[in-house]
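See structure below.
Every value quoted in this text rests on a predicted model; they were computed, and no experiment measured them.
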Amino acid sequence: MMRIIYRNIVRAAATAAAVLSLNSCLEKNPGDYILIGDGMASVSDAEQTVNGIYKAMMSGALYSGYLTVCQDIQADLVYAVQGNSNTYGNIWQWDILSTNSEVESVYAGLYTVIGRCNFFLDQVEDLKASLVDDDLIEELDAYTGEVYCARALAYSELVKCFCKAYDPATADKELGIVLRTSYFRKEPVRRASLAESFAFIISDLEKADALLDSEYDVSNTTYFTNAAVHAIWARVCLNMQDWDGAVEHSTKVIGSGTFKLASAKSYYTSDQTYLDYLWTNDASYEIIFKIGYTSTSYGSATGSVFLGFTRDYTYYYPDYVPALWALNLYPSGDMRYQAYFEELQTGYSHRLSWPLLVKYYGNEGLLAQNVFHVCMPKPLRLAEQYLIRAEAYCRRGEYPKAGADLSTLRESRFSTGGTIGVNSDNWLDTVSDERVRELFMEGFRLNDLKRWHRGFTRTPQSSSQAEGSSLKVNADDPLFVWPIPRNEIEAPGSEILPNESNR
């Protein structure tokens with residue numbers, strides 16, 4: 001087992017460059033670690049291929065950039081400021097085309113991850129059959145479990161972005177995603193149904209669960225564990241309206257004892273609480289899975305559009321500032337406000353002073369290297385699991401249990417108090433507000449509105465850009481579902497059908 005522990009330490013320092021192609025992204029090079037002609041001839045080769053999967057997740061198209069921020073910028077959490085650089089301007093104004101570069105990049109980035117997973121899975125059984133050392137076989141099985149987990153996560157992000165909200169009554173008739181199961185074998189390039197797509201994700205999670213032993217679950221890790229499998233599974237079940245499954249899998253994570261909510265009452269350093277440290281140093285017992293960075297290998301500057309300090313290193317020039325309605329959701333004593341926002345002076349001619357999003361100000365270790373606004377993405381956190389289980393309990397009519405979960409989360413975030421109750425009349429608004437408070441700008445809001453079948457209205461706020469500040473989006477607007485990139489639809493051999501939003 002020491003071999004497995006050692007390779008996980010080594011993996012965190014892997015530094016190869018990720019490559020994205022924006023031609024048809026369903027035919028991918030497996031990565032920079034292993035040439036196709038060499039394949040996977042050893043467990044060391046397998047490790048390098050898995051490293052390539054994690055490296056692909058560093059891409060600015062995914063968790064450190066577009067996949068995380070574009071969905072929430074498109075929703076109702078932020079406003080574009082007068083004088084902004086127009087970064088993501090078409091996303092914010094709901095002028096989203098099938099040729100949009102961010103949409104293309106997210107699609108391509110997720111299929112890059114899937115392609116690297118398939119490269120591994122196509123060859124792993126032959127490699128395993130050649131091994132006689134039980135320790136090596138166990139190590140390879142662990143890698144295989146991680147790969148199935150990675151592929152399930154990538155496919156779950158694709159359905160989140162490019163498919164309608166799941167309805168069990170109609171899912172077999174709705175368009176899902178292109179399911180690629182092999183790197184080397186030719187497969188039809190057509191979309192499965194939404195039901196088939198979710199069934200495939202669940203199948204991958206079942207395989208990962210069987211291969212990853214919960215005995216080796218750890219917090220704050222940069223590789224997939226059994227706990228990560230169940231955290232993704234809980235999220236998928238919530239999106240599938242499988243309330244029992246959401247409770248079951250979130251409970252496995254919450255009840256494992258491996259993870260602990262970051263406290264706003266206890267101090268990690270003389271001036272930072274555990275909650276502060278979660279965001280300033282990207283480390284916490286709360287983290288189920290994060291994407292590991294080093295000073296020489298890291299993703300995009302997630303916080304740049306919310307701060308813009310590097311423009312002159314004197315003032316802040318945010319492209320987007322938090323919506324006032326969202327800021328007003330945080331009651332007195334909620335320490336997430338202090339951890340996420342800070343009143344700062346902008347350098348624009350209008351001199352707007354506003355609570356800017358400092359959640360992504362930057363990892364302190366990287367700031368010391370003059371790397372600004374770069375944070376390690378944290379796709380899976382314990383806090384989300386409490387929110388998932390609370391919502392599922394509400395769907396089952398178990399409001400006291402839901403209130404207990406929300407209270408547990410809030411009490412860890414409040415300086416004092418935090419207890420809250422829910423009932424049949426207020427539960428959806430209560431859960432919605434709590435998800436905004438906790439998950440602000442982590443990439444959940446647009447999908448939440450889509451699955452709740454809710455729209456929203458923007459009205460201008462101080463120094464907001466005129467274009468886009470007056471906007472009414474109805475529930476189930478087609479652009480809650482991103483268009484399939486045109487280059488995928490028009491690629492030779494493609495049978496991919498477009499979404500309603502395709503233009």
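- Aromatic ring pairs are classed by plane angle as parallel below 30°, tilted from 30° to 60° and perpendicular above 60°; the pair F309 and Y313 is perpendicular.
- Side chains of N281 and D276: a donor-acceptor N/O pair is absent below 3.5 angstrom, by distance only.
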_Verdict with supporting geometry, Q93 and D95, side chain to side chain donor-acceptor pair (under 3.5 Å)_ = CA-CA 5 Å; Q93 294 180 54; D95 182 23; over 6 Å; no
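- Looking at K359 and E442, a side-chain N of the basic residue comes within less than 4.0 Å of a carboxylate O on the acidic one, giving a salt bridge.
- The existence of a salt bridge linking E434 and R410 is confirmed by a sub-4.0 Å separation between a basic side-chain nitrogen and an acidic carboxylate oxygen.
- Using the six-membered ring where Trp is involved, H230 and W233 have ring planes that are parallel, under 30° apart on the 30 and 60° scheme.
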_Test log, rule salt bridge (charged side-chain N to carboxylate O under 4.0 Å, His left out), inputs R486 and E488_ = CA-CA 5 Å; R486 182 184 296 176; E488 298 300 327; over 6 Å; no
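- Test Y143, F289, Y148 against F224 for ring pair (Phe, Tyr, Trp, His ring centres under 6.0 Å) and you get one pass: F289.
- Taking each heavy atom of G60 and S300 in turn, the nearest pair found is CA-OG, 3.0 Å.
- Aromatic ring pairs are classed by plane angle as parallel below 30°, tilted from 30° to 60° and perpendicular above 60°; the pair W279 and Y360 is perpendicular.
- Checked by atom type, the side-chain pair E343/S353 shows a donor-acceptor distance below 3.5 Å.
- Judged by distance alone, the side chain of Q385 and the main-chain N or O of A231 form a donor-acceptor pair under 3.5 Å.
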*Would R151 and E146 satisfy salt bridge (charged side-chain N to carboxylate O under 4.0 Å, His left out), going step by step from the backbone distance to the final call?*
CA-CA 9 Å; R151 191 169 72 172; E146 291 174 59; over 6 Å; no
